[in-house]
A.B. asks: 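Supplied in structure tokens, the structure appears directly below.
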Amino acid sequence: MATETTDATPFRYNADLAADIESRWQDRWEAEKTFEAPNPAGPLADADALSDRNKLFVLDMFPYPSGVGLHVGHPLGYIGTDVYGRYRRMKGDNVLHSIGYDAFGLPAEQYAIDTGTHPRVRTEQNIANMRRQLRRLGLAHDQRRSVATTDEDYYRWTQWIFLQIFNAWYDAEADKARPISELETEFADGTREVPGGADWNALDGEAKAEILADYRLAYVHEAPVNWCPGLGTVVANEEVTADGRSDRGNYPVFKRNMRQWMMRITSYADRLIDDLDLLDWPESIKTMQRNWIGRSAGARVDFASPVGPITVFTTRPDTLFGATFMVLAPEHPLVDELVTPDQADAVAAYRREAGAKSDVARQVEDRDKTGVFTGATATNPLNGNQIPVWIADYVLMGYGTGAIMAVPSGDQRDFEFARQFGLPIVATQEPPAEWFAERDIDPSLDCDTWPEAFVGEGTYVQSSNDSLTLDGMTEIAEAKAATNAWLEANGHGEGTINYRLRDWLFARQRYWGEPFPIVWDDAGVPHAVPEDQLPVALPPLEDFKPVAADPNDAESEPDLPLGRVTEWANVTLDLGDGPKRYRRDLNVMPQWAGSCWYELRYLDPTNDERFVDRAVEEYWMGPEGEDHPGGVDLYVGGVEHAVLHLLYARFWHKILFDLGHLSSKEPYYRLFNQGYIQAAAYKDAREIYVEAAEVVEEADGSFTHNGEPVTREFGKMGKSLKNAVTPDDMYDEYGADTLRLYEMAMGPFDTSRPWSTRDIVGMYRFLQRIWRNLVDEDTGELTVADDAVANDETMRLLHVTIDGVAGELDNLRFNTAIAKLVELNNHLTKLTAGEGGLPRSVAEPFVLMLAPLVPHLAEELWSKLGHADSLTYEAFPVADPALLVEDSIEYPVQVNGKVRTRITVPADAAPDAIEALALADERVQEFVDGAPKKVIVVPGRLVNIVA
RNA sequence: GCCCGGGUGGCGGAACGGCAGACGCGGUGGACUCAAAAUCCACUGUCCGAAAGGGCGUGUGGGUUCGAAUCCCACCCCGGGCACCA
């Protein structure tokens, strides 16, 4: 280990010297405010410093200050953004880079409960500890801009934004959010009809409030929600896993109706999908968001029934002639009216059964279709057929209208259901011959012979009535359009678009979150707390714990911790009509609230007039050109936030944009997902994890722990797998620069890879060799020769390296940038081995190229080279194009695609000359008998001779 | 089941359709040393060969091309997302 070696050389670059250099430079950067980025206006303004520099906003997904501290997997992204930010500073940009803390929410609260300390205290300790750990990495952050979501000065504005949303509605015609006051004006002056046809001015406050609630983008609604007794709170759809458990804590989650705060994110579904096209994001993340929103075009169709129309949504209106039955979700509100007396018992029993089944059970059971006939029939609007109406749990109340038309010939689920219950199956499309051939059956329109439904393009058959004929059509789009037109013309439905996305459940029944800036009056009408009374501070509360409910008790009731602070919960306010008593809303916001806008607060962290100054926002995030909606220039974080945070933040940003508070349509222009650092974990014979650090690799490649054989697997680094490696250990053994460099060198920035403490020594040696090439290890004196002239080969390699490294850093390819620097250094090592010092003309650009990656070491060398100032704003070296071209080029010569020899040719040789030289070569002659069939000369690349 | 990624030495990984394996780890040999560590130098895909050199090699099988890790088709395996979404 580095710290244990007894170095005879007192100035060798080792962990102790690195620690000394690193802490000195960290102190100096802090004292000199090196990384403070000037704003165009406000308290952080500095017009001179702004002049003629491009701005660059680099952002990391900010961390939860969790308290267990960092392991080496955490800072990977932060190091990457730091390297990029430092590089771009040297390229002349005004770089904004900072980091804040996402400190509200369940994890922080849960941790506080586990350790028995108040979340406020715990959170502050954790933030302090994380700041220390991150500072030790030498990240070039503007500390003035670091905010925590739990700061009152911060959540004051989170509450303000909430009120903006509460006091806004979505104008579908204008396709944007507008202030609710404008809607009231339109109702009052009659430009917009009041739903229900009432005279707005004649309505009382309560009635008005009720109508407005249907428009507000934040509203309280009785709806099926995900109740999680184990966490004592409801959670959002996005926070429920596929097997019906909570994302956090893995407790069972139950669907049940509750009155809850919702956000009307569905109003933005189209724009959230469409604007993805403007963003420079990984295609996979865009796809995940598109799928999550789940836009599908189709039609709404009304089926007449004895109790009125039953409306269904279908993506295949073109198959409507083949609808032979209908299926409603068991919870569908029309079921009670539809059911006939003789079927009442069966239907009631089925509904009971379906209701008792948790989501988990519904999914775990295999997919055998179940269902029961209601006894009622409905009318297929196209052919007038009476078709039976069933209920079945494969139809979900939460999607579409909770009812479907079943076309068993064209939908596999309907097909299975029809087979199960002997319902008719009628073909509306004739499958192509291959379809039958692949299934080894004779072509037939008799669906009884089909093994499954046919989904695809086929010729329409049996699809005509008096006024609509699809027969003979071959394209789905054409048939859909024709059907939709007919439905609309005949008043049976219309083309429509349906979304999988539901409104966002926005309240949590916990303590550690932003209180809602809402009070309730006696009539049950919510009122906004006036802006000048923000923040609504979270009251101190000793007993903040949620009441521990039985995690499996679906019927348990939420217990609101804020309700325990009675003197806080009940307030007297004057909202314009004299002082009155109100009851505060006792919910808190979900953790996502704070992370929906934090990047904006970095821009203007001390502003107490606005959440962000408009000019400041426009400078850092304004749109740039036609297809560039503005936003953060580079946003780096884990792929796990693909749909949650990234969707919610886009939604809030768009509302604020619509209301005129922002110039940018989108918060994050370019998104990059860094990979994860994984680590080997080891289990013993009892399947229990053992300390990975204590495992020994045996000569035969097997692994043992205390002599006992163990098995290896790879997983996320952390406590539970007992495989965490802390940055602190790496600082002690190698220093921060080595850790930074190793993390960047391990592999491409966007792929996950296993940590290997054994390999880190390679980068440590690299830094030692750099040091030795520039500094005398015995005296600590610089060995650089001021007037020495580098040979041609060295100058050429230097400039090729400059060119290469810049290109790699531009594209966040840190691993290959490092490889090029190692190559250069290996060459310099050979150079210095013979004669004396490295020429200054080589040493200086080399040190500058190293600076983004290993800033402490580079600063130290730069200073030894005689420069008084930090190199942070030194220009990154620029390659001399003249030195990038060689005088002569070595061409590999292939015969029939195999390299047989090499020839050296002047760089400016003509293809004919190269061909002649190649053919004249002795080795080539051995393989080529007589005249070659063909010769390919690729200038600058190679020669291939086809014999 | 559907939709995305990805399979290259002992390991992490490089390769605008143009010399496969850059760079690092590990390994082997050498120099220095009384010795060791550290450092420096050389070698290190695999098979045949004393060497020169040659054969084979990027998950599998086909194809396009003068030339394929790279492009196309089919399949296998691994990772991730979604999943009775009408």
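Order of the sequence lines fixes the chain letters, A, B, ..., with proteins taken first and strands second; residue numbering starts at 1 for each chain.
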A.B. asks: Can you confirm whether the side chains of A:D503 and A:T266 place a donor and an acceptor under 3.5 Å from each other?
C.D. replies: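 Their side chains do contain a donor-acceptor pair, which is all the 3.5 Å distance test asks for.
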A.B. asks: Which of the following nucleotides, B:A86, B:G18, B:C82, is nearest to the side chain of A:F313?
C.D. replies: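 Side chain of A:F313 sits closest to B:A86.
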A.B. asks: Report the relative orientation of the aromatic rings in A:W504 and A:Y648; use parallel for angles under 30°, tilted for 30 to 60°, perpendicular for over 60°.
C.D. replies: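 Parallel.
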A.B. asks: Do you see a donor-acceptor pair shorter than 3.5 Å between the side chains of A:N498 and A:R300?
C.D. replies: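 The answer is no; no qualifying pair exists.
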A.B. asks: Applying ring-ring contact (aromatic ring centres under 6.0 Å, His included) to A:F417 and A:F325, what does each step give before you reach the verdict?
C.D. replies: CA-CA 10 Å; A:F417 193 83; A:F325 58 99; 5.7 Å; yes
A.B. asks: Passes side-chain hydrogen bond (donor to acceptor under 3.5 Å, both in side chains), A:E416 versus A:Q420? Steps please.
C.D. replies: CA-CA 6 Å; A:E416 286 163 17; A:Q420 180 87 28; over 6 Å; no
A.B. asks: Any idea which of B:A22, B:G24, B:C3 is nearest the A:T287 side chain?
C.D. replies: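 Nearest listed nucleotide: B:C3.
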A.B. asks: Are any of A:R772's side-chain N or O atoms less than 4.0 Å away from OP1 or OP2 of B:C40?
C.D. replies: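 So the side chain of A:R772 is within the cut-off, an N or O lying under 4.0 Å from OP1 or OP2 of B:C40.
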A.B. asks: Ignoring the backbone of A:T816, work out which of B:A15, B:C23, B:G18 is nearest its side chain.
C.D. replies: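 Of B:A15, B:C23, B:G18, B:A15 is nearest to the side chain of A:T816.
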A.B. asks: Taking the side chain of A:R923 as heavy atoms from C-beta outward, which of B:G54, B:C40, B:A86 is closest to it?
C.D. replies: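 That would be B:G54.
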A.B. asks: Quick one, A:W435 with A:F454, criterion ring-ring contact (aromatic ring centres under 6.0 Å, His included). Give me CA distance, side-chain angles, the key distance, then yes/no.
C.D. replies: CA-CA 8 Å; A:W435 188 83; A:F454 170 70; 5.5 Å; yes
A.B. asks: Assign A:K286 to base, sugar-phosphate, or nothing according to its heavy-atom contacts below 4.0 angstrom with the strands shown.
C.D. replies: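 It contacts nothing in the nucleic acid.
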A.B. asks: Given the rule that a pair is Watson-Crick or G-U wobble with both distances under 3.5 Å, how would you write RNA chain B in dot-bracket, using | for pairs to a different strand?
C.D. replies: (((((((..(((.....[....)))((((((.......))))))((((....))))..(((((..]....))))))))))))....
A.B. asks: Under 4.0 Å: is that the gap between some side-chain N or O of A:K820 and OP1 or OP2 of B:G24?
C.D. replies: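 Negative; the distance criterion is not met.
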A.B. asks: Is the shortest side-chain N/O distance from A:R765 to OP1 or OP2 of B:A38 below 4.0 Å?
C.D. replies: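 Checking A:R765 against B:A38: no side-chain N or O falls below 4.0 Å of OP1 or OP2.
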A.B. asks: Tell me what A:N826 touches on the nucleic acid: a base, only sugar-phosphate, or nothing, going by heavy atoms under 4.0 Å.
C.D. replies: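 A:N826: backbone/sugar contact only, no base atoms under 4.0 Å.
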A.B. asks: Kindly point out which of B:A42, B:A15, B:C66 is positioned nearest to the side chain of A:K830?
C.D. replies: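 Closest nucleotide to the A:K830 side chain: B:A42.
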A.B. asks: Using a 4.0 Å heavy-atom cut-off, does A:T751 contact any base of the nucleic acid, only the sugar-phosphate backbone, or nothing at all?
C.D. replies: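 Since no nucleic acid heavy atom lies under 4.0 Å of A:T751, the category is nothing.
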A.B. asks: Is there a donor and acceptor pair, one atom on the side chain of A:R758 and one on the base of B:C11, closer than 3.5 Å?
C.D. replies: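 Counting by modelled atom types and ignoring angles, no donor-acceptor contact under 3.5 Å is found here.
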A.B. asks: Contact class for A:S284 vs. all strands (heavy atom < 4.0 Å): base, sugar-phosphate, or nothing?
C.D. replies: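 Counting heavy atoms under 4.0 Å across all strands, the contact made by A:S284 is with sugar-phosphate only.
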A.B. asks: How about A:N723 and A:Y682: does a side-chain donor come under 3.5 Å of a side-chain acceptor?
C.D. replies: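 On atom types as modelled, these side chains do not qualify, holding no pair under 3.5 Å.
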A.B. asks: Between A:N815 and B:A14, does any side-chain N or O lie under 4.0 Å from OP1 or OP2?
C.D. replies: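 Yes, A:N815 has a side-chain N/O under 4.0 Å of OP1/OP2 on B:A14.
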A.B. asks: Taking the nucleotide of RNA chain B with the nearest heavy atom to each, does A:V822 or A:P892 sit closer to the 5' end?
C.D. replies: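 Whichever sits nearer the 5' end wins; that is A:P892.
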A.B. asks: May I ask you to decide if the ring planes of A:Y764 and A:Y13 are parallel, tilted or perpendicular, using 30° and 60° as cut-offs?
C.D. replies: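 A:Y764 vs A:Y13 ring planes: tilted.
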A.B. asks: Given B:U39, B:C19, B:C66, which nucleotide is nearest the side-chain atoms of A:Q768?
C.D. replies: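 Closest of the options to the side chain of A:Q768: B:U39.
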A.B. asks: Does A:K369 make a side-chain donor-acceptor contact with the base of B:C84, cut-off 3.5 Å?
C.D. replies: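 For A:K369, whose side chain was compared with the base of B:C84, there is a donor-acceptor pair (under 3.5 Å).
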A.B. asks: A:R900 near the nucleic acid: base, sugar-phosphate alone, or nothing, with a heavy-atom cut-off under 4.0 Å?
C.D. replies: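 Sugar-phosphate contact only - A:R900 comes under 4.0 Å of backbone atoms but never of a base.
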A.B. asks: Verify the contact: side-chain N or O of A:S296 to OP1 or OP2 of B:A86, cut-off strictly under 4.0 Å; return yes or no.
C.D. replies: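 Result: yes.
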A.B. asks: Would you indicate which nucleotide in B:C84, B:G54, B:C19 comes nearest to any side-chain atom of A:D393?
C.D. replies: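 For the A:D393 side chain, the nearest candidate turns out to be B:C84.
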A.B. asks: Looking at the side chain of A:R12, which of B:G24, B:C56, B:A38 is the nearest nucleotide?
C.D. replies: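 Selected nucleotide: B:A38.
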A.B. asks: Can you tell which of B:C40, B:G54, B:G13 lies closest to the side chain of A:R769?
C.D. replies: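 Output: B:C40.
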A.B. asks: So which nucleotide from B:C82, B:C19, B:U39 ends up closest to the side chain of A:R500?
C.D. replies: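 The answer is B:C82.
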A.B. asks: Is it the case that B:C25 (base atoms only) and A:D759 (side chain only) share a donor and an acceptor within less than 3.5 Å, ignoring hydrogens and angles?
C.D. replies: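 Counting by modelled atom types and ignoring angles, no donor-acceptor contact under 3.5 Å is found here.
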A.B. asks: Pull up the glycosidic torsion of B:G12 and say syn or anti, syn being anything within 90° of 0.
C.D. replies: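 Here the answer is anti: the torsion falls beyond 90° from 0.
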A.B. asks: Between A:N944 and A:S752, just flag the one whose closest nucleotide in RNA chain B comes earlier from the 5' side.
C.D. replies: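 Residue closer to the 5' terminus by nearest nucleotide: A:S752.
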